[in-house]
Amino acid sequence: MAQSSSAVLAKAGWGVDEVDHVVGHQANLHILHALARELGVGRERLVCHIDQVGNTSAASIPLALADAAAKGHFQLHDRLLLTAFGAGLAWASAAITWPEITLA
């Protein structure tokens with residue numbers, strides 16, 4: 001995940017210090033802490049909620065995003081790094097800017 005994250009940040013033109021939040025696949029806390037260490041990101045910028053829901057597989061990033069957003073952790077234009085891995089050695093990362101969200 002760190003290699004994929006670094007590649008997407010380079011494509012986005014962002015330095016790791018410009019990322020406000022890192023939302024990784026919520027497989028286990030050890031992996032998330034290792035990711036932060038490899039990227040050089042403080043753990044305070046990790047979005048973690050695995051302790052509340054466990055490993056929710058492919059839904060882990062959307063659920064972590066929804067949980068953090070509901071708690072008011074994201075501000076308009078925050079820069080987020082999303083990164084995941086899965087079965088079959090699949091992986092992906094995305095660099096996004098938090099949008100304005102209006103709930104109906």
Tell me, which pairs form a salt bridge (charged side-chain N to carboxylate O under 4.0 Å, His left out) where one or both residues lie in residues 57-67, sequence neighbours left out?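 Matches after skipping sequence neighbours: Asp67-Lys71.
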Given Asp20, which of Thr97, Leu81, Asp78 fulfils the side-chain contact (heavy atoms from CB on, under 4.5 Å) condition?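 With Asp20 as partner, Thr97, Leu81, Asp78 yield a single side-chain contact (heavy atoms from CB on, under 4.5 Å), made by Asp78.
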Exercise: identify the closest heavy-atom pair between [X] and [Y]:
{"X": "Ile50", "Y": "Ala27", "value": "CD1-O, 3.1 Å"}
{"X": "Ala64", "Y": "Val47", "value": "O-CG1, 3.8 Å"}
{"X": "Ala58", "Y": "Pro62", "value": "O-CD, 3.9 Å"}

Indicate if [X] and [Y] have the same hydrophobic cluster label, given that clusters are the connected sets of ILVMFWY residues with side-chain heavy-atom separations under 4.5 angstrom.
{"X": "Leu32", "Y": "Val41", "answer": "yes"}
{"X": "Met1", "Y": "Leu39", "answer": "yes"}
{"X": "Leu65", "Y": "Val53", "answer": "no"}
{"X": "Leu46", "Y": "Leu82", "answer": "no"}

Tell me if a side-chain donor or acceptor on Gln26 pairs with a main-chain N or O of Asn55 at a distance below 3.5 Å.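 Looks like no, no N/O pair under 3.5 Å.
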Between the main-chain N or O of Gln3 and the side-chain N or O of Ser6, is there a donor-acceptor pair closer than 3.5 Å?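 No.
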Does a donor on one side chain and an acceptor on the other come within less than 3.5 Å for Ser5 and Thr83?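 Judged by distance alone, the side chains do pair up.
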Going by ring-ring contact (aromatic ring centres under 6.0 Å, His included), name the pairs with one or both residues in residues 22-69, residues two or more places apart or in two chains.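 Checked against ring-ring contact (aromatic ring centres under 6.0 Å, His included) - neighbours excluded - the pairs reaching residues 22-69 are His25-Phe85.
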His21 vs Phe74, test: side-chain contact (heavy atoms from CB on, under 4.5 Å). Steps then yes/no. CA-CA 8 Å; His21 308 280; Phe74 305 142; 3.5 Å; yes
Output the distance between atom OG1 (Thr56) and atom CD1 (Ile61), rounded to the nearest 0.5 Å.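 That separation rounds to 9.5 Å.
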For the atom pair CG (Leu80) and CD1 (Ile96), what is the distance rounded to the nearest 0.5 Å?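 Here the interatomic distance stands at 5.0 Å.
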Under 3.5 Å, side-chain donor or acceptor atoms of residues 7-18 against the rest of the protein: list the pairs with distances, not counting sequence neighbours.
{"from": "Glu18", "atom 1": "OE1", "to": "Gly15", "atom 2": "N", "distance (Å)": "2.6"}
{"from": "Glu18", "atom 1": "OE2", "to": "Arg79", "atom 2": "NH1", "distance (Å)": "3.2"}

